[in-house]
Amino acid sequence: MMNFVSAQEPTFNEVQAGRYVDLALGGIDRQFPNKPGHVWRTPEDNKTPREWNPVFYGHFDWHSSVHGHWTLVRLLKLFPEAEWAPKVRGVLAGRFTEDALQAEADYLTANPSFERMYGWAWALRLALELRSWDDEEGKVWAKHYRPLEKVIVKHAKTYLPKLDWPIRCGFHPESAFPLGQFIDYARGVEDEEFVELLEAKAQAFYGDDRDYPVRYEPSGNDFFSPGLNEADLMRRILPKRAYSNWLDRFFPRLAEGELGNLLQPVQVSDLEDGHLVHLVGLNLTRAWTMRSIAEALSQSDARREVLEKAADLHAKEGLRQVWSGSYEGEHWLGSFAIYLQTRVGRD
């Protein structure tokens, strides 16, 4: 288990990263069990996951495979000289081929609502990770990945103008998390048209929100806090003072340490239940959103200390249960842990 100090990032080193590498590699070629998101239209659609998706077929489902690959890229970037680095490079080189990624792009072209928008969010996070990597082999992989990236951006630009209302829930369809990931991507690749669309949509969805009903969270299968996701999104688009004012309206009693159930980590009754184990992810995502929100506030803001302390508690509890021994959680939780521990979305 990682050691934590209040208001500090957890210690994180090459050896610890290697444990997450093993977790990601353990599912990368594991085709079954699998929960495909494919809609069968004819008997000829009866194919294996790998036949449909030659890159992202492992890790139980497409989006988990995407963020499993992202985990490997992220850690390879951070620890390029690690003992496990050559193995990871070899695996990724075998996956990120031009033909295989073009097949993934073709599949999403033919299925425009597939993995909308959660899977898209992770796919663009992976795209940004590759694009921002000053590495010769990484640049080749980024080029091979570009067709898939372009399809997803096109789908998002088509879909978002038609989405009239936000989606408020604690799992995949939720809309604040993907909007935040899209904004990070669009700014990173300097797609100003996309940035403008995303900022306008975020403001339209959430700009006037106030008095968030904290007492209604969590739901039993959550791996997101829709309230904290929303606050994490808005700190991306509002100037510092405007954001502070927005947050005061949204969580009006935060400075007094009153945020319903959101400040205490959730307990998980069954780590082998595929839905209940979502709550481990909830502890991790609460931790990263609270840290992000806190960093958007001034050092003297009383809300910052409240959030930092709660983030530490959530991180400790969430990281403790990443390695449950059950594939139900282990096929995806490592990615969430890496997102938290390596400051994704904050640097």
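Values in this document were obtained by computation on a predicted structure and should not be read as measured data. Positions are given from 1 along the sequence.
Checking side-chain atoms of H155 against main-chain N and O of L108 turns up a donor-acceptor pair under 3.5 Å. Checked by atom type and distance alone, the side chain of W120 never pairs as donor or acceptor with a backbone atom of F182 at under 3.5 Å. Judged by distance alone, the side chain of N111 and the main-chain N or O of F114 form no donor-acceptor pair under 3.5 Å. Put simply, the side chain of Q31 gets close to the backbone of R50: a donor and an acceptor are under 3.5 Å apart. With E196 contributing its side chain and E193 its backbone, the two residues share no donor-acceptor pair below 3.5 Å. The main-chain N or O of Q264 is found under 3.5 Å from a side-chain atom of R286 such that the two form a donor-acceptor pair. Distance alone, capped at 3.5 Å, is enough to place a donor-acceptor pair between the W332 side chain and the E328 backbone. No donor-acceptor pair closer than 3.5 Å links the side chain of E137 to the backbone N or O of R89.
Annotation: E256, atom CD; neighbour count of heavy atoms from other residues, nucleotides and ligands within 6.0 Å is above 12. Crowding of H275 atom NE2: a count of heavy atoms from other residues, nucleotides or ligands under 6.0 Å not exceeding 12.
Looking at E149, R131, Q181, M117 one by one, the single match for side chain to side chain contact (heavy atoms under 4.5 Å, CB included) with L124 turns out to be E149.
At least one test fails for R303 against the ring of F251: distance under 6.0 Å to the centre or angle within 45° of the axis.
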Worked verdict on H172 versus H63 for side chain to side chain contact (heavy atoms under 4.5 Å, CB included): CA-CA 10 Å; H172 306 91; H63 54 260; 3.4 Å; yes
Candidate pair E129 and W141, rule side-chain hydrogen bond (donor to acceptor under 3.5 Å, both in side chains), full reasoning: CA-CA 11 Å; E129 205 71 64; W141 298 340; over 6 Å; no
side-chain hydrogen bond (donor to acceptor under 3.5 Å, both in side chains) assessment of K240 paired with S298: CA-CA 9 Å; K240 193 164 187 174; S298 67; over 6 Å; no
Step-by-step side chain to side chain contact (heavy atoms under 4.5 Å, CB included) determination, Y20 to W323: CA-CA 10 Å; Y20 290 110; W323 286 274; 3.3 Å; yes
Step-by-step ring-ring contact (aromatic ring centres under 6.0 Å, His included) determination, F336 to W288: CA-CA 9 Å; F336 279 42; W288 84 50; 5.4 Å; yes
Step-by-step side-chain hydrogen bond (donor to acceptor under 3.5 Å, both in side chains) determination, S64 to D61: CA-CA 6 Å; S64 297; D61 48 38; 2.5 Å; yes
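Annotation for S219 and L279: closest pair O-CD2, 3.9 Å, computed over non-hydrogen atoms. Across H314 and A287, no two heavy atoms sit closer than the pair CB-CB, 4.0 Å.
Rounding to the nearest 0.5 Å places CG of L297 at 11.0 Å from CZ of R235. With rounding to the nearest 0.5 angstrom, the NE2 atom of H331 is 10.5 Å from the CG atom of L23. Between I152 atom CD1 and Y145 atom OH the span is 5.5 Å, to the nearest 0.5 Å. Note that CH2 of W62 is 11.5 Å distant from OH of Y118, once rounded to the nearest 0.5 Å. The structure places NZ of K143 at 9.5 Å from CZ of R146, a figure rounded to the nearest 0.5 Å. Going from atom NZ of K154 over to atom OG1 of T158 covers 6.5 Å, rounded to the nearest 0.5 Å.
Using a 4.0 Å cut-off between charged side-chain N and carboxylate O, K309 and E305 make a salt bridge. For the pair R346 and D232, the salt-bridge criterion is not met [side-chain N within less than 4.0 Å of a carboxylate O].
Classified by interplanar angle (parallel below 30°, tilted 30° to 60°, perpendicular above 60°), the ring pair H278/F223 is perpendicular.
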